2 protein chains.
Amino acid sequence: MKKKAIVNNTPVCQVRMQAISDTMSLLSGKWKFHILGTLIEGCKLGFMDLLREIDGIGSKMLSKELQDLEMNHLISRTVMDTKPITVQYAITEYGATLTPLINEMAKWGIEYRQSVHGAK
Amino acid sequence: MKKKAIVNNTPVCQVRMQAISDTMSLLSGKWKFHILGTLIEGCKLGFMDLLREIDGIGSKMLSKELQDLEMNHLISRTVMDTKPITVQYAITEYGATLTPLINEMAKWGIEYRQSVHGAK
DNA sequence: GTAGGTGGTTTCCTACAGGAAAGTACTTCC
DNA sequence: GGAAGTACTTTCCTGTAGGAAACCACCTAC
């Protein structure tokens, strides 16, 4: 009947784990980081711009992912009153708070590449 | 025939995007961050410990994810010569370099929760 | 011998992610 | 009138992620 002490059910841990799950579920899927990264670099872009920028994505995926991101207030969608109607997607102030996370991720990925190619 | 300038095909961008894809593919799936987070907190843990710590995971998933992480040198697997044979999983030095990334992610998730509950 | 603990693997199943291609609607250019 | 561009949506299909449950092997305590 002796049960090992559970190390991980302290409140601080539960909150951290929950927070990571939240973040991951908002950014789940193959394309969200690409879209956000592109919008952070490019500022304002149209649907077709994104379709061309992001290598390999299809219109269905792009449409769905943009809706997801807009729903979570990470990007904004603005219909422009131009001759052939255009839509501009841009990162929101809130979405921009992801920049350090994206930078960390890019930095780690670059270092990983180097260590695999160099040390292995 | 006029084509809009592509903003995203500068070498630095391509490398960043590739790096993000690399990182995401190593950490893909529902459980990798949970496992890494738990091992960073708990130091050395056995299979059954992890099964109990990580709420909801099944033995198949845990086994598979541990193999993935070990293959990428993010965790170590040590068979202990104890009475009933036990295995210890621990984070490697290399896996520990993910700590800032995991911290960023947890931090962002916590802030997201607060902003949704508070401001909305 | 049998119940219970360790550390898994294997089988089977389902749901969702994601891709290709076509369709919709509206506009402008020629 | 028709091609071409913008911005999507819809349909159809496939592959894989991931869960439940059973099974294997080995050891110890009773």
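Lettering follows sequence order; numbering is per chain, from 1. Heavy atoms only: backbone and side chains are in, while hydrogens, waters and symmetry mates are out. Just so we're clear, the structure is a prediction, and the values are computed from it rather than from any experiment.
- Distances were taken from every side-chain heavy atom of A:Lys30 (C-beta onward) to each of D:dG19, C:dG8, C:dG19; the shortest belongs to C:dG19.
- Here the nucleotide nearest the side chain of B:Ser59, chosen from D:dT9, D:dA22, D:dA7, is D:dA22.
- Judged by distance alone, with hydrogens and angles left aside, B:Lys60 brings a side-chain donor or acceptor within reach of the base of D:dG19, the pair sitting under 3.5 Å.
- D:dA7 atom C1' lies 7 Å from atom OH of A:Tyr89, rounded to whole Å.
- Residue B:Thr92 holds its OG1 atom at 8.5 Å from CD1 of B:Ile75, rounded to the nearest 0.5 Å.
- A straight line from CG of A:Leu66 to C1' of D:dT6 spans 14 Å, rounded to a whole angstrom.
- Atom P of nucleotide C:dC16 and atom CG of A:Asp68 are separated by 14 Å, given to the nearest angstrom.
- For the pair B:Gln88 and A:Gly29, both in contact range of DNA chain C, the more 5′-proximal nearest nucleotide belongs to B:Gln88.
- At whole-Å resolution of the value, CZ in B:Phe47 and C1' in D:dA25 are 15 Å apart.
- Within the structure, every side-chain polar atom (N or O) of B:Gln67 is placed at least 4.0 Å from both OP1 and OP2 of C:dG8.
- The CD1 atom of A:Ile57 sits 13 Å away from the P atom of D:dT9 (whole-angstrom rounding).
- Below 30°, between 30° and 60°, or above 60°: for B:Trp108 and B:Tyr112 the angle between ring planes is below 30°, a parallel geometry.
- Listed candidates were C:dT6, D:dT6, D:dC8. Nearest to the side chain of A:Ser63 is D:dC8.
- As a whole-Å value, the separation of A:Arg52 CZ from D:dC8 C1' is 15 Å.
- Atom NZ in A:Lys64 sits about 8 Å away from atom C1' in C:dG18, given to the nearest Å.
- Taken to the nearest 0.5 Å, the CD atom of A:Glu93 stands 13.0 Å off from the CG atom of A:Leu74.
- The base of C:dT6 has none of its N or O atoms less than 3.5 Å from a complementary donor or acceptor on the side chain of B:Thr82.
- We find that CG of B:Leu62 is positioned 13 Å from C1' of D:dG18, with the value rounded to whole Å.
- Inter-residue side-chain proximity for B:Arg16 and A:Asn103 is flagged as met; some heavy-atom pair is nearer than 4.5 Å.
- Considering OG1 of A:Thr38 and CZ of A:Arg52, their distance stands at 13.5 Å, rounded to 0.5 Å.
- Of the two residues near DNA chain D, B:Ile85 and B:Ser28, the one whose nearest nucleotide lies more 5' is B:Ser28.
- Closest to the side chain of A:Glu65, from the set C:dG18, D:dG18, D:dA7, is C:dG18.
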